[in-house]
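Data first, discussion second: the structure below is written as structure tokens.
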Amino acid sequence: MLKVAIILGSTRPGRNGEAVAKWVHGVATKKGGADYELVDIKDFDLPLLDEPAPPSMGQYTKPHTKAWSAKIDAFDAFVFVTPEYNHGTSGALKNAIDYLYKEWNNKAAGFVSYGSAGGVRAVEQLRLVMAELQVADVRAQVTLSLYDDFENFSVFKPRSRHESSVGTLLDQLLAWAGALKTLRNK
Ligand SMILES: Cc1cc2nc3c(=O)[nH]c(=O)nc-3n(C[C@H](O)[C@H](O)[C@H](O)COP(=O)(O)O)c2cc1C
């Protein structure tokens, strides 16, 4: 069974991301086809990157890095749930991504984003980051509008069409995750 992490990429008190990530997890679990786990980067209390060696060398010295590495290493694929902050992803998510290297390599990823324009600008930036980490990012994405999928910009009420968008994203994600697993096993 493939293991998929749904990564909650905002840490702000009162964050909208928590409801979005829980919804993605619920839709994915109902659909099946893989083991899905919600991974909240807030739980790892990662400071701004404080490892002396570049992550690509894998010489981790800090307990928080080792815990984060062990968690991410166990997955075959990722769904990043990202807000849009100043047309990019959150600093917290970028920092969490930067902490690791080989744990991401040759795996698949998809994006669920939210913002006034659906968070699309944050995802475009994340796709560039994925290329450097050798992550295959699928085309299908879920873009949630702060105007149309949240009441008062804060109570998450997704339009019904988004559930099938999550399904399409997962179909593409699981196909690539399975293919890339064979590459990692060589
Ligand atoms: C620092 C900051 C910058 C933001 N910049 C943008 C932006 O550039 N585009 C946008 O659509 N929304 C922007 N927003 C609004 C966020 O998309 C919205 O607050 C969202 O709920 C943030 O995710 P979170 O609640 O999970 O932290 C910004 C919010 C914050 C806190």
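Just so you know, ligand 1 is whichever comes first in the structure, and atom 1 is the first atom listed for that ligand.
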| task | Quick one: sort the Tyr114 and Phe150 rings into parallel, tilted or perpendicular, breaks at 30° and 60°. | result | tilted
| remark: ligand 1 to Gly115, heavy atom cutoff 4.0 Å, flagged ligand atoms 11 (O), 17 (O)
| message | Any nitrogen or oxygen of Gly17 lying under 3.5 Å from a nitrogen or oxygen in ligand 1? Just yes or no. | response | yes
| said: Keeping Thr29 on the side-chain end and Gly26 on the backbone end, is there a donor-acceptor pair under 3.5 Å? | reply: no
| Is there at least one pair of N or O atoms, one from Arg15 and one from ligand 1, spaced under 3.5 Å apart? | no
| said: As a quick check of understanding, evaluate side chain to side chain donor-acceptor pair (under 3.5 Å) for Thr89 and Thr82, giving each step before the final call. | reply: CA-CA 6 Å; Thr89 191; Thr82 180; 2.5 Å; yes
| message | To check your reading of the model: name the closest protein heavy atom to atom 21 (O) of ligand 1, its residue, and the distance in Å. | response | Asn16 ND2, 2.8 Å
| Protein contact of atom 5 (N) of ligand 1 - nearest heavy atom, named by residue and atom, plus distance | Asn86 N, 2.8 Å
| task | Using atom types as modelled and distance alone, determine if a side-chain donor or acceptor of Arg184 lies under 3.5 Å from a backbone N or O of Asn106. | result | yes
| remark: Checking heavy atoms under 4.0 Å, the part of Ser116 that sits near ligand 1 is both
| Pro83 heavy atoms, cut-off 4.0 Å: which ligand 1 atoms fall inside? | 22 (C), 23 (O)
| message | Looking at Asp149 and Arg159, is there a salt bridge between them, counting it only when a charged N and a carboxylate O are closer than 4.0 Å? | response | yes
| Verdict with reasoning, Trp68 to Tyr99, per ring-ring contact (aromatic ring centres under 6.0 Å, His included) | CA-CA 8 Å; Trp68 179 233; Tyr99 255 97; 8.1 Å; no
| message | What I want to find out is whether Lys30 reaches Glu163 closely enough, with some N-O distance under 4.0 Å, to be called a salt bridge. | response | yes
| request: Using atom types as modelled and distance alone, determine if a side-chain donor or acceptor of Glu51 lies under 3.5 Å from a backbone N or O of Lys62. | output: yes
| Do the ring planes of Trp104 and Phe80 sit parallel (below 30°), tilted (30 to 60°) or perpendicular (above 60°)? | tilted
| Top protein contact for atom 19 (O) of ligand 1, by heavy-atom distance | Arg12 NH2, 4.4 Å
| Minimum non-hydrogen distance to atom 3 (C) of ligand 1, winning option of Tyr85, Phe150, Phe153 | Tyr85
| query | Among protein heavy atoms, which sits nearest to atom 6 (C) of ligand 1, and what does the distance come to when rounded to 0.1 Å? | reply | Glu84 O, 3.1 Å
| Can you tell me which residue and heavy atom of the protein come closest to atom 18 (C) of ligand 1, and the distance to 0.1 Å? | Leu146 CD1, 3.8 Å
| Interfacing atoms of ligand 1 (cut-off 4.0 Å, heavy-atom, Ser10) | 24 (P), 26 (O), 27 (O)
| note | Going by the 4.0 angstrom heavy-atom rule, the piece of Val20 near ligand 1 is neither
| message | Looking only at protein heavy atoms, which one is nearest to atom 20 (C) of ligand 1, and what is the separation? | response | Tyr114 CE1, 3.9 Å
